[in-house]
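Below, chains carry the letters A, B, ... as their sequence lines are ordered, and counting in each starts from 1. Values in this document were obtained by computation on a predicted structure and should not be read as measured data. Because only heavy atoms are used, hydrogens play no part in the values below, and waters and symmetry mates are left out as well, while side chains stay in.
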Number of protein chains: 2
Amino acid sequence: MFSKSCEYAIKAMIFVAQKSDSDSKVGLKEIAEGTDTPVPFMAKIMQELSKKKLVHSSKGPNGGFYMNKKNLKTSIADIVLATDGDGIYSKCVLGLKNCNEKTPCPVHHEYKDIKKKFIAMLEKNTITDFNEKLMTKKFFLKNEEN
Amino acid sequence: MFSKSCEYAIKAMIFVAQKSDSDSKVGLKEIAEGTDTPVPFMAKIMQELSKKKLVHSSKGPNGGFYMNKKNLKTSIADIVLATDGDGIYSKCVLGLKNCNEKTPCPVHHEYKDIKKKFIAMLEKNTITDFNEKLMTKKFFLKNEEN
DNA sequence: TTATAAAAAGATATTTTTATCTTTTTTTTT
DNA sequence: AAAAAAAAAGATAAAAATATCTTTTTATAA
Ligand code: FES
Ligand code: FES
């Protein structure tokens with residue numbers, strides 16, 4: 001569905017939102033550990049997210065990653081777009097060069113509806129929403145049997 | 001969403017169903033051409049599908065690929081399962097090791113519903129259905145701008 | 001102002017997916 | 001039987017995704 005980079009990015013964003021506030025930042029290692037991802041790969045991802053301003057970072061001692069209010073409103077769709085591009089919006093499920101109404105593939109019309117719902121979900125859910133969910137301790141970013 | 005192999009497999013299955021009947025078979029090259037895929041890669045895919053009995057083949061002059069009645073009832077889900085495995089059924093969108101109700105990721109519950117609809121679509125649509133659609137000439141397996 | 005901690009950047013390595021090429025086997029026709 | 005046509009099988013290559021390692025820059029604190 002999504003690339004590993006994207007999956008990691010989503011988890012990282014949620015994690016940072018959870019653990020950081022105005023004056024305490026989260027370090028790379030902590031993010032990797034908390035989301036169960038390889039440290040150097042997570043480093044790359046955080047750099048990307050940071051470059052694209054989905055999170056902010058500060059270097060030096062006590063540095064790390066953190067979010068501002070705008071960042072907290074980031075939706076899953078935003079993260080997917082930043083990491084995997086707009087494929088979910090534009091691409092044909094069967095891989096036709098163009099997904100359009102003029103030359104639709106056999107699943108186009110049916111898929112359109114599902115796609116709409118899926119995208120709506122991605123756009124609706126913000127980091128803050130997840131944050132709230134996670135506070136209830138009923139949701140997880142990693143689970144058993146690794 | 002799906003792997004290239006899977007996309008190609010779906011298109012190939014539809015194509016073979018369209019073009020073959022009890023005594024005329026479809027050759028590899030014709031399939032590759034008709035679905036706009038690289039010939040040697042399509043060869044591999046047809047071998048797989050054939051080994052898994054989703055299509056049948058005969059060697060030698062006038063040989064090629066064809067389908068029996070059972071094959072025509074193959075659903076998209078069957079093809080996806082054969083080529084990409086059961087990931088769409090079992091995997092967590094965020095890549096958690098286990099997707100379950102006990103330790104759900106933050107999108108689990110919402111995604112569950114969409115997933116169900118998506119899978120239903122894949123299971124409902126058979127090759128025959130597509131075949132009928134394609135007969136109307138209102139659907140396509142390849143389009144412009146390649 | 002120096003040492004240190006942390007992210008940024010860049011280079012390299014591994015694995016998986018996608019694609020291609022070559023040889024073998026099977027079947028049909030002559 | 002021999003030749004030819006077609007898929008099957010196997011080997012190889014290229015590209016993309018994933019993962020790791022090393023060096024540089026920046027900011028803080030002593
Ligand atoms: S053309 Fe295939 S999904 Fe639109
Ligand atoms: S745990 Fe993530 S989708 Fe089920």
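When each of dT18(D), dA8(D), dT28(D) is scored by its nearest atom to the side-chain atoms of Ser5(A), the top-ranked nucleotide is dT18(D). The Lys4(B) side chain lies nearest to dT18(C) when the options are dA11(C), dT20(C), dT18(C). Counting only heavy atoms from C-beta on, Lys59(B) has its side chain closest to dA7(D) among dA7(D), dA11(D), dA19(D). Set against dA9(D), dA9(C), dT27(C), the side chain of Lys44(B) has dA9(D) as its closest nucleotide.
Rounding to whole angstrom units, CZ of residue Phe41(B) and P of dT22(C) are separated by 19 Å. For the pair Glu48(B) CD and dT17(C) C1', the computed distance is 14 Å after rounding to whole Å. Across the protein-nucleic acid pair, Gln47(B) atom CD and dT23(C) atom P stand 16 Å apart, rounded to whole Å. Taking atom CD of residue Glu7(A) and atom P of nucleotide dA17(D), one finds them 14 Å apart after rounding to whole Å. The nearest whole Å value for the distance from the CZ atom in Phe65(A) to the P atom in dT26(D) is 16 Å. Distance CG (Leu49(A)) to C1' (dA8(C)): 14 Å, rounded to an integer number of Å. Between the CZ atom of Phe2(B) and the C1' atom of dT18(C) there is a distance of 18 Å, given to the nearest Å. Nucleotide dA19(C) holds its P atom 11 Å from the CE atom of Met42(B), rounded to whole Å.
dT29(C): Watson-Crick or G-U partner is dA2(D), with both key distances under 3.5 Å.
The shortest non-hydrogen separation linking Phe15(A) to Gly34(A) is CE1-CA, 3.6 Å.
Lys142(B) and Glu33(B) are joined by a salt bridge, as a carboxylate oxygen and a charged side-chain nitrogen come within less than 4.0 angstrom of each other.
For the OP1/OP2 pair of dT26(D) and a distance below 4.0 Å, the side-chain nitrogens and oxygens of Ser58(A) include no atom meeting the criterion. Ser57(B) has a side-chain polar atom (N or O) that falls below the 4.0 Å cut-off from OP1 or OP2 of dA8(D). Asn62(A) has a side-chain polar atom (N or O) that falls below the 4.0 Å cut-off from OP1 or OP2 of dA29(D). Regarding contacts with the backbone of dA19(C), a side-chain N or O of Tyr8(B) is found under 4.0 angstrom from either OP1 or OP2.
Partner of Asp113(A) under the salt bridge (Lys or Arg N to Asp or Glu O under 4.0 Å) criterion, out of Lys115(A), Lys117(A), Lys116(A): Lys117(A) alone.
Counting heavy atoms from C-beta outward, Ile79(B) and Asp84(B) have side chains that stay 4.5 Å or more apart.
Linking Ile, Leu, Val, Met, Phe, Trp and Tyr residues whenever their side-chain heavy atoms come within less than 4.5 Å places Leu81(A) and Ile119(A) in a single cluster.
When heavy atoms are screened at a 4.0 angstrom cut-off, Pro40(B) is found touching base atoms of the nucleic acid.
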